[in-house]
Amino acid sequence: MSDVVEKTLTALPGLFDSQTGAAKITNRLKQLIKSITELTSKHEEENLMKQELSAMKEQVSSPNTTMKQMREVMVRAMYCEMLGYDASFTYIHAIKLAQQGSVLEKRVGYLAVSLFLSEGHELLLLLVNTVLKDLQSTNLIEACMALTVVAQVFPKDMIPAVLPLVEDKLSHPKEIIRRKAVLALYKFYLIAPNQVQHIHAKFRKALCDKDPGVMTSSLHIYLQLIRESPDDYKDLTGSFVAILKQVVGGKLPMDFNYHNVPAPWLQIQLLRILSLLGREDQSTSELMYEVLDESLRRAEMNHNITYAILYECVKAVYTIHPKAELLEKAARCIGNFVLSPKINLKYLGLKALTYVVQHDAKLALQHQMTIIECLDHSDFTIKRETLELLFRITNAQNVTVIVEKMLDFLRGCNDEHTVIHLVGKVAELAEKYPFHSLTGRLLQRMTLSRVHKKYISSYKINTNLLCVSFYFTSYVPIITLTFAPDNSWFIQTMNDVFSIGGDLLQQDVPNNFLRLLAEGSESKEEDDELRLYAVDSYLTVLKGDTSHLPQRFLQVMSWVLGEYSDLQECVDQREVIRLLTKLLDQRSVTSETRVWILSALTKISEGQTDLILDLSESLSYSQDTVLRQQAQELRHLSRDSQLHEWALPRGAPWDSMEVDSSLSFLDGFVSEALAAGAAPYKPPHQRQEELCEERALNLEPYSFSLPVSLSSCSITDRQSPTMLSVSSGISGNSTELSQKAGSSTVILEGVKRVWGKDGYLPQKETAATAPPVDKPSIAVQSSGQQEAAERTEPQPEPPMQNQDKQQLASSLFVGLGAQSSISLLGKSEAPPPRFRKKPRPHESSSSSGTSERSSVSSSRSSHSTTDGFLYGSLLEEEPATSISGVDHTPKSTTANGLGQNKHTDGDRRTNTSQILGSDMVIVRPNTIQDKYPSSVSSDLTALLPPDLKDLPHSDVISLTSDPSLSLASCRVFRDEALLLVIFICNCTETVIKDVAVQLTCEELQTASLRGNVVDCLEGRSTSVCHYALLMDDPHTNVSFTGTVSYQTQPGHTNTLSFSGTLSTADFIRPLVVTTEEYGKLWLSLSHDVKQNLKLLTAAGDPLRTTLNALKDALQLHVVDIIGSEGIVACRLLSGAPCLLHCRVNGAALAMWLRSPHPALPDCILYHCQRALAEH
Amino acid sequence: MHFLLLFSRQGKLRLQKWFLPLPERERKKIVKDMTTMVLARKPRTCNFLHWRDLKIVYKRYASLYFCCGLENQDNELLALEILHRYVELLDKYFGNVCELDIIFNFEKAYFILDEFLMGGEIQETSKQSIAKSVEASDMLQETMEEYMSKPAF
């Protein structure tokens, strides 16, 4: 008895201590929160927090702090961080808490970790062991916590550490663990798809799990997988349909109901998956009609969640192969949405309509009045969604009204992203629906065949028929249309676009606009009319207040005035000059814009020396070199009118320019210099190489040697007749050549090719500097636009507001339905763009000129100087290189002789060759599947050049073919590069001329070595061309695309596209090292990945078998095998090494990869897995 | 779902959950933008907003705004229901939940959220099982507390 009492007494102080302590601390958080809410100023709060944080700091660093107290501190730290104060000193303690605390404290510790440390925080590494321990714990709650934190914060490179354990959890008896494991794997899949690709089979098991929760979770992964490749999962359609049927039929436990709707989240997930599976696939779609019908029917309840399901259902119905009955029901559903008084449903209805009108524009007609109401809705979001819808139903007849509405909205909008987004759309519409487009189309139908026959030979241009028919429009009485836009509308709209969009505008908007003006249509009168209108309009704008105008707009205006102001005869050129000069004086004008203005002045300054001289004098001292140079040019040209006339011929047609991309005009200069004893030109890398050799011993055995071998190839193997000129051109200046090469493949808006007295002046690209953002301004409303507005409402001031709306409706929805006055257009057939847009070969979604580079040019940029040579030859050998459009860079000129003058013309030649390039019949590309290559008879390998015959190479696989040509490729593995050898076989008996191959690949550096241009390919003969491919950054798979253009008969060019995939395995080379070297290298490498792989146990020693299999598949070098361990080495071409350490671990092969390159181990691991799986 | 924020009518942040890794500065910017945008909304407007390339879905419960950022293809109504379900869960746990419950027990609110959403996707749709697993951990908390405070005989 006394014993017990005694024990109790001794324990009491501790009991009190911990209780009061805990109470005190909990109180402290409450206290803190309370005192903060009572504070009045930010300053007081800061002071309080400062105190609090220092108190916490003290507490965490004190050794006497118990885990329990730490838990409370952590909660306070979370609170402080939430308020935005830095409590980073507690991070390490959060990890400690998760590591050492009891379950409770662990929970807080993990929570703190997941809130404090985002993916990639360095302290996370310290968490790995804790997580591993908890994952293995038998305590359910600990395992749950570990899975949660893994899914929350683990970065890519830490996933392999926990992956096997998480995988094991998929077969855990408790469903909550399985569910969390599936979601953690889903998260892994999002971060690093390669690492979980081997467990796809287990996902299927999760899909069939008896617990609906686990099954639901697995759908997240499936949605993602199916989004990426729907074809691989078509076989699961039946299962998904069956699941959905059960869910809709209420077969799930009541527990999953949400407001009496059975498992809505699950339903929606399934509907999304089904819509992806059924897209453009009739047979798969047919499987799901019934269940979709059922879903539409069942979802009748008046609750938000049923609407969410309905919305998803409608989307699915419109995505999959259509079925009339379902479409009708879905349309009715949308009607309910749109007509609903609930604003959220209305929004969703509009969204659904936006989606649906792409398939059926008539549906919008039924809801005209609602749409009109939404257009004037007070809610910004609804308005914006309505405009989005209107954008989709725009046609030539309602475009003016819709654009007007969009501009109205934009004027009242101050959200940057919305402005950029919508302004781009307005510009798109304005360019798409031009004046006379209707007459153009009518004519197109009538004169199509005639025009085609007659003009196809005489105009060597893109035979876009619309353009040709534009030619006739001036001879035909124009059908007057109420809403047909015209010149003034177009220019005025673009003015609005520029002034509202300001400098936020995407660069391609002004580019496209200027291109439209410059290229024009076939009819010169019409073009001039448009240009004239632009000039007039800009002069009006410039006469007003110009200080608020965005830079982009000023640039556009100055370009147009420079080019076309002479069209306007009644305006004095001096007046134009004065206006432009006035702009130069403005402070807000950036130097980039100044350059535009100056080049405009240069073009129109002829004979106005008095006005110009002062100006050029003052700018000659500018800080900006480009500006200074422009000023110099201006001065010289304005003094010498003959030179001016010569350098900048007035009204010269765009396509009469000739460009000498080989710079042959420099030949004389070069030979003179050589004769005078100058050293012959060497490319920079060669010079560097020599320098290295002179300096010291080359200690690096595998230094980057490719450029040398490539360039030597291109010198010796060149088949082109203009070889001399190229090399001489390079001897002038190699950077300049690479610049030049760029001009014929890409537009680099903002890059100024400027020629100075002493040739090319290298300069920095100014395009990147963002000019100060001007507030969007309201453009001057011209009378033209007012007229247009009046036309839409012919009845002046109708008394009834409703009538007003009716009117608006009729103007908005004209052309959509059968009852509209002119329905010649067909419903959803969009009229072709106003002026033909030149097809841009590499037109990507990117907007800025620089990102439009093809891979050819991107590799050029990485090797900018070194590869000047290579690309010189590339360019020269590719007459069919297509060009991306007119370069609107201000043209500048020099007073310095013929050669350079020709160069200025280079800009213009781009048009010609582009036009030639687009005069092609595009053949549908035949893509090949890498998995099932169609083998071509091996006799092609006999055609391999002798120097490549001995190298290891792959089988020859067919790339593509058409009746005249067939293409096959073979990969040759050189140490420092992958050579792609392309065999071009002429399948006909006749000669094929001008065969040109062009190959691009985003991820790789490509360089043509030889033979990508063949002037003449005899019947039944084969030509061989080579590409050297370099991989700098490992990608698991890369695809290349390319085109071959050829002429079967003169003047008629065909193109044939091809594509293919390459894997990293093609770029892996064995790395021969000794065991000692391996050991040293191993220690020096930083990035590692570990994973268990399948061990091949077929015959003999499993380790040896497995390594040999890997060696065969991947060209690895097996360094040594000692007992149950093996070391293997390889490298990425002649670049980054990757060391593999393999150990037999039970039935698995524990693989540990190290490399200096962060992504390389991942890639190699992926291919090892594949190789073993296929074995 | 990219993120979930809870903030008061005064724009004070009450809870933040990020499902994608974002730098600190970006997070602060988002919080600031969200509070200003959402608080500026007039009554009787819809619960959706556009922000950059995300869609924002928000809903006000008493004095607290629940706000989440979605990708473009996500279903807004569904997100609204996710928010609602979260409120229901909080309500079930705290019993007639109010803002103060969340202020003073924000870590509990986080625990519930972690049981409900994982990796930005809904993890458990059944109200009972979430409540069960949260309670299980809480029970443990209590038993552990009891256990710890018990004198060691």
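The chains referred to below are lettered A, B, ... by the order of the sequence lines, with proteins before strands, and numbering in each begins at 1.
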I need the residue from [options] with the largest number of non-hydrogen atom pairs under 4.5 Å to chain B.
{"options": "A/N344, A/I191, A/I268, A/I343", "result": "A/N344"}
{"options": "A/T381, A/L83, A/V182", "result": "A/T381"}
{"options": "A/K187, A/Q152, A/M145, A/H121", "result": "A/Q152"}

Contacting moiety of B/Q73, where chain A heavy atoms sit under 4.5 Å: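 Both the backbone and the side chain of B/Q73 come within 4.5 Å of chain A.
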
Hey, what's the ring geometry for [X] with [Y], parallel, tilted or perpendicular (30° and 60° as the breaks)?
{"X": "B/Y86", "Y": "B/F116", "result": "parallel"}
{"X": "A/Y307", "Y": "A/F337", "result": "perpendicular"}
{"X": "A/W265", "Y": "A/Y258", "result": "perpendicular"}

Can you say whether [X] sits under 4.5 Å from chain B via the side chain, the backbone, both, or neither, judging by heavy atoms?
{"X": "A/L140", "answer": "neither"}
{"X": "A/T148", "answer": "both"}
{"X": "A/I305", "answer": "both"}
{"X": "A/K351", "answer": "side chain"}
{"X": "A/K180", "answer": "both"}

Check: A/Y186 ring centre within less than 6.0 Å of A/H220 ring centre: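 Yes: the rings meet the under 6.0 Å criterion.
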
Top contributor to chain A contacts, counting heavy-atom pairs under 4.5 Å, from B/K12, B/Q16, B/H50, B/E107: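 Maximum pair count with chain A is reached by B/H50.
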
Presence of salt bridge, B/K55 and B/E76, under 4.0 angstrom: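 Judged by the 4.0 Å cut-off on N to carboxylate O distance, B/E76 and B/K55 do form a salt bridge.
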
Short N-O contact, B/E88 and B/R85, less than 4.0 angstrom: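 Salt bridge flag = yes for B/R85 with B/E88.
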
